[in-house]
Each structure stands twice: as C-alpha cells, then as structure tokens.
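Okay, so here's the structure we're looking at.
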Amino acid sequence: MPISIEDRVALEDLIVRYATSLDACDVESVVDCFTEDCELETPIMGRFQGHDGIRRFAADTGRYRAEKGGQFRHVVSNMRFKVDGEKAQILCYLLDWLTVDGKCELLSPGEYDCEAVRTAEGWKLKSRVVKMDVKFSADRWASR
C-alpha cells in the first residue's frame with residue numbers, strides 16, 4: 001500500500017526536526033522526537049536508550065559545539081519510507097558537516113535507518129541507527 005501524503009510529510013518533518021534541533025543544540029526538542037523507550041546508536045558516540053540517553057547524547061553534542069565554537073549541519077536527503085499501520089521504517093542519506101573557524105569539513109557521509117511509531121502526539125522515533133561510510137572518532141573534531 002502506498003504511503004499517504006499526510007504520513008510522508010509528517011515523517012519527513014520528524015527527521016528534519018530531529019536534525020535541525022540537534023544542530024541548534026535544542027536538547028528537549030531532540031528528546032521530543034523520540035518515544036520514551038527509544039534507542040539511538042551511532043558508531044561515533046555509542047548507544048543511548050530512553051529519553052535520558054537521548055538527552056545525554058544531545059547535550060554531549062552541544063557541549064562539543066560550545067567548547068570549539070563550531071557549527072554542525074546534519075543534512076538529510078533521499079528519504080525512503082515503508083509504512084505498515086502504526087509503524088514506519090525511514091531510510092535516508094546523511095551528510096554530517098562541521099564548520100570551525102570559517103573552515104567547513106564533511107565528517108562523513110552515511111545513512112540513517114530509523115523505526116518510527118505513530119503516537120497520540122504524532123510520529124516519533126523508536127530507534128535510529130547511524131551507518132557512516134567512514135568511521136571517525138569524536139575526538140577528531142572535539143579536540144580541534
């Protein structure tokens with residue numbers, strides 16, 4: 001069955017809201033994108049569970065930014081969706097950019113593989129796995 005326009009727009013909005021909230025260091029808006037029993041896994045920073053884990057992940061990202069005065073830009077594209085009732089799989093490409101002192105660097109391209117669920121508040125992420133084409137250490141950009 002094809003995805004409805006309403007679901008497609010809501011799921012795209014969820015992914016964009018997540019990425020832009022993370023880049024803005026808006027911790028609570030990042031947390032609001034997830035269910036309470038969520039899981040996030042990234043090869044750069046590790047695995048985080050529940051709202052407390054997501055809060056820690058987003059705060060750590062903001063701390064790295066504040067320490068170095070840099071700006072992250074998580075650019076997502078090529079979104080694909082599979083909706084089955086109250087669940088959806090979202091796959092999309094990721095370009096993870098960092099700008100520090102006027103110099104912009106692509107940290108690595110990659111892909112998000114997400115599971116979303118429909119809740120009373122709308123679609124929320126239950127899981128998000130990041131697959132990077134080139135694994136790099138957070139120390140690489142945190143210690144600039």
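The structure displayed is predicted, hence computed values, not measured ones. Heads up: numbering here begins at 1 and tracks the sequence.
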Within the 4.5 Å heavy-atom criterion, are [X] and [Y] side-chain neighbours or not?
| X | Y | answer |
| --- | --- | --- |
| Asp96 | Met132 | yes |
| Leu98 | Val100 | yes |
| Val76 | Tyr112 | yes |
| Cys38 | Leu125 | no |
| Glu12 | Val9 | no |

Check whether any side-chain N or O of [X] sits under 3.5 Å from a backbone N or O of [Y] as a donor-acceptor pair, and report yes or no.
| X | Y | value |
| --- | --- | --- |
| Arg80 | Ile90 | no |
| Ser4 | Asp7 | yes |
| Asp84 | Lys87 | no |
| Arg73 | Gln71 | no |

Quiz item: Going through the distances and angles, do Cys92 and Ile15 end up as a side-chain contact (heavy atoms from CB on, under 4.5 Å)?
Solution: CA-CA 9 Å; Cys92 61; Ile15 294 299; 4.1 Å; yes

Are [X] and [Y] in one and the same hydrophobic cluster, where Ile, Leu, Val, Met, Phe, Trp and Tyr link if side-chain heavy atoms are under 4.5 Å apart?
| X | Y | result |
| --- | --- | --- |
| Phe81 | Val129 | no |
| Leu91 | Leu95 | no |
| Ile3 | Trp123 | yes |

Check residues 17-24 and write down every donor-acceptor pair under 3.5 Å in which the side-chain atom is one partner and the other belongs to a residue at least two apart or another chain.
{"residue": "Arg17", "atom": "NE", "partner": "Asp13", "partner atom": "OD2", "Å": "3.3"}
{"residue": "Tyr18", "atom": "OH", "partner": "Arg128", "partner atom": "NH1", "Å": "2.3"}
{"residue": "Thr20", "atom": "OG1", "partner": "Val16", "partner atom": "O", "Å": "2.9"}
{"residue": "Thr20", "atom": "OG1", "partner": "Arg17", "partner atom": "O", "Å": "3.4"}
{"residue": "Ser21", "atom": "OG", "partner": "Arg17", "partner atom": "O", "Å": "2.7"}
{"residue": "Asp23", "atom": "OD1", "partner": "His74", "partner atom": "N", "Å": "3.4"}
{"residue": "Asp23", "atom": "OD1", "partner": "His74", "partner atom": "ND1", "Å": "2.5"}
{"residue": "Asp23", "atom": "OD2", "partner": "His74", "partner atom": "N", "Å": "2.8"}

Quiz prompt | side chain to side chain donor-acceptor pair (under 3.5 Å) partners for Glu36, two or more places apart | solution = none

From [X] atom [atom1] to [Y] atom [atom2], the distance as rounded to the nearest 0.5 Å:
| X | Y | atom1 | atom2 | result |
| --- | --- | --- | --- | --- |
| Arg118 | Glu86 | CZ | CD | 4.5 Å |
| Cys33 | Glu28 | SG | CD | 11.0 Å |
| Thr35 | Glu115 | OG1 | CD | 8.5 Å |

Minimum heavy-atom distance [X]-[Y], with the two atoms named:
| X | Y | answer |
| --- | --- | --- |
| Thr99 | Cys104 | OG1-SG, 3.6 Å |
| Leu11 | Ala116 | CD2-CB, 3.9 Å |
| Ser108 | Asp133 | OG-N, 3.5 Å |

Quiz item: Is Lys124 salt-bridged to Asp32, cutoff N-O under 4.0 Å?
Solution: yes

Quiz item: More than 12 heavy atoms of other residues, nucleotides or ligands under 6.0 Å from CG of Asp101: is that the case?
Solution: no

Quiz item: So does Tyr93 have more than 12 non-hydrogen atoms from other groups sitting under 6.0 Å from OH?
Solution: no

Quiz item: Taking atom types as modelled and ignoring hydrogens, do the side chains of Glu111 and Asn78 form a donor-acceptor contact shorter than 3.5 angstrom?
Solution: no

Can you give each donor-acceptor pair under 3.5 Å made by side-chain atoms of residues 39-48, sequence neighbours left out, with the distance rounded to 0.1 Å?
{"residue": "Glu39", "atom": "OE2", "partner": "Arg47", "partner atom": "NE", "Å": "2.2"}
{"residue": "Glu39", "atom": "OE2", "partner": "Arg47", "partner atom": "NH2", "Å": "2.2"}
{"residue": "Thr42", "atom": "OG1", "partner": "Ile44", "partner atom": "N", "Å": "3.2"}

